Asker: 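Got a structure here, written out as structure tokens. Questions coming.
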Amino acid sequence: MDSEVTALAARVAKAERLSILTGAGVSAASGVPTFRGADGLWKDFKPESLATPQAFARDPKLVWEWYDWRRQAIASCEPNAAHRVLAEWSRRFPNFTLITQNVDGLHERAGSRDVVRLHGSIWEVSCWQRCAAAPPRWRDETVPFKEIPPRCPHCGGVIRPGVVWFGESLDPAIVDRATEAADCDVFITAGTSAVVYPAAGFLELAKRHGAYTVEINPETTPATSTVDLALQGGAEVVLPRIAEDL
Ligand code: BV8
């Protein structure tokens, strides 16, 4: 791996445009449960079955118990070396874009700015009734919520987490930023199982733009055989090694 990391560092150092896509794996070393890892399950519910508007309509209390559990877990975590390296790169490289599927906010807590959050933030909420008095979404870092499901301060109805659920479309403006960032020299995907779309499609788009593509993951994924370089290891280990060689 050393020679591959050194060669990659040389490419990153001279890249005009550098884009990164992250998933739950980059927060694993911080102790945040991943989706598909053994720790991803909650009360034997598969995340996909809870992260849908149908599940919320059916049982907002159950879905909020899950999100409140995740918020408590995330609030007790700290960004790790992977988050810190990417924050440093966001200051160092002029044309740098960090695209994330994560809703945990650890990239921002590490100092990353202008993160392209494909799936929203677990620290934002909105009124489920979309009442006129409420803003489209607002930040709420209450941990734990005193009342589950928590209520809209404007209409007394329930509020929902500010995340994109399965079956819901992503914000077109955010998809445009990610699409634009796929037109780059080096595209690194780190800590994702590459099964959720449209997020997993940006790697393919970068390849079509001729970018040098890299995957960082201790396991193989559907993307492993498609990238120019697959580095099998933890993001909190591999990213600092690349940074050292820059
Ligand atoms: C949509 C927010 C229009 C909520 C999330 C095309 C083909 C097939 C299906 C579809 C398709 N297009 C659309 C779909 C449907 C669906 C989809 O992709 N389904 C999948 C399951 C097949 N997509 C959607 O519904 C999207 N909306 O397309 O709208 C539309 C609507 C209807 C029908 C058609 C089109 C919305 C998707 C967003 C859902 N919301 N999150 C919340 O967080 O609660 S997705 C959520 O799951 C995460 O955000 C993330 O995206 C995904 C989890 O994936 P990962 O982050 O990769 O995490 P995972 O645990 O899976 O893997 C971790 C990886 O890290 C592993 O590989 C592991 O080895 C590695 N790892 C572990 N430790 C480390 C590590 N790596 C590095 N270092 C370590 N230390």
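Please read these numbers as outputs of a predicted model, since none were measured by experiment. Start at 1 with the first residue, then count along the sequence. Order of listing sets the numbers, starting from 1, for every ligand and every atom in it.
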Asker: Can you tell which of W66, Y197, Y67 gets a heavy atom nearest to atom 44 (O) of ligand 1?
Answerer: Y67

Asker: Just how far is it from atom CZ of R58 to atom OG of S49, taken to the nearest 0.5 Å?
Answerer: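 Answer for the CZ-OG pair, R58 versus S49, is 8.0 Å.
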
Asker: For a quick check under 3.5 Å, do T226 and E204 share a side-chain donor-acceptor pair by atom type?
Answerer: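 Per modelled atom types, T226 and E204 side chains form no pair under 3.5 Å.
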
Asker: Less than 4.0 Å is my threshold; does some heavy atom of N217 fall inside it relative to ligand 1?
Answerer: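 Judged by the 4.0 Å heavy-atom criterion, N217 does count as contacting ligand 1.
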
Asker: Verify the distance criterion only: is there a donor paired with an acceptor across the side chains of S193 and T221 at less than 3.5 Å?
Answerer: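 There is no such pair (donor and acceptor under 3.5 Å, judged by atom type) between the side chains of S193 and T221.
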
Asker: Pick, from R70, H119, E168, the option with the minimum heavy-atom distance to atom 42 (C) of ligand 1.
Answerer: R70

Asker: What I want to know is whether V26 and ligand 1 share at least one N or O pair that is separated by under 3.5 angstrom.
Answerer: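 No, V26 has no N/O under 3.5 Å of an N/O on ligand 1.
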
Asker: So is R160 actually on top of W165's ring, under 6.0 Å and inside 45° of the axis?
Answerer: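 Ring-cation test returns yes.
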
Asker: Considering only heavy atoms, does V195 approach ligand 1 within less than 4.0 Å through its side chain, its backbone, both, or neither?
Answerer: backbone

Asker: Is there any N or O on F166 that sits under 3.5 Å from an N or O of ligand 1?
Answerer: no

Asker: Any heavy atom of G167 closer to ligand 1 than 4.0 angstrom?
Answerer: yes

Asker: Has ligand 1 got any nitrogen or oxygen that is less than 3.5 angstrom from a nitrogen or oxygen of G23?
Answerer: no

Asker: Check R84 with E88, please: is the shortest side-chain N to carboxylate O separation under 4.0 Å?
Answerer: no

Asker: Contact between S169 and ligand 1, counting heavy atoms under 4.0 Å?
Answerer: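 Under 4.0 Å: yes for S169.
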
Asker: N/O to N/O below 3.5 Å, does that happen between T221 and ligand 1?
Answerer: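 No; every N/O pair is 3.5 Å or more apart.
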
Asker: Would you say A199 touches ligand 1, if touching means a heavy atom closer than 4.0 Å?
Answerer: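 Checking ligand 1 against A199, which is what was asked, there is no heavy-atom contact under 4.0 Å.
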
Asker: Is there a side-chain contact between V5 and D245 in this structure, where contact means two heavy atoms from C-beta onward sitting under 4.5 Å apart?
Answerer: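 Yes, close enough: below the 4.5 Å cut-off.
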
Asker: Say whether V103, considering both its backbone and side-chain N or O atoms, lies within less than 3.5 Å of an N or O atom on ligand 1.
Answerer: no

Asker: Would R70 count as a cation-pi partner of W66, with NZ or CZ less than 6.0 Å from the six-membered ring centre and within 45° of the ring normal?
Answerer: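 Relative to the ring axis of W66, which defines the angle, R70 lies inside both limits.
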
Asker: For ligand 1, which part of T192 has a heavy atom less than 4.0 Å away: the side chain, the backbone, both, or neither?
Answerer: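 Contact part for T192 vs ligand 1: both backbone and side chain.
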
Asker: Which ligand 1 atoms does Q101 reach within 4.0 Å, using its non-hydrogen atoms?
Answerer: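 Answer for ligand 1: 48 (C), 49 (O), 50 (C), 51 (O).
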
Asker: Using the ring of each side chain (for Trp, its six-membered ring), is F93 parallel, tilted or perpendicular to F96, with breaks at 30° and 60°?
Answerer: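 Parallel: the ring planes of F93 and F96 meet at under 30°.
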
Asker: Ignoring hydrogens and geometry beyond distance, is a side-chain donor-acceptor pair present between T189 and E215 at under 3.5 Å?
Answerer: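 Not at all, the side chains of T189 and E215 share no donor-acceptor pair under 3.5 Å.
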
Asker: Would you say N102 has any N or O atom under 3.5 Å from an N or O of ligand 1, going by distance alone?
Answerer: no

Asker: What do we get for E236 next to ligand 1 when only non-hydrogen atoms under 4.0 Å count, side chain, backbone, both or neither?
Answerer: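 Just the side chain.
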
Asker: Mind checking whether G233 has an N or O less than 3.5 Å away from an N or O of ligand 1?
Answerer: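 Not met; the criterion fails.
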
Asker: Report, as yes or no, whether the 6.0 Å neighbourhood of atom CD on E16 holds more than 12 heavy atoms from other residues, nucleotides or ligands.
Answerer: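 For E16, atom CD is not crowded (no more than 12 foreign heavy atoms under 6.0 Å).
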
Asker: Would you say the side-chain atoms of H83 and S27 include a donor-acceptor pair closer than 3.5 Å?
Answerer: yes

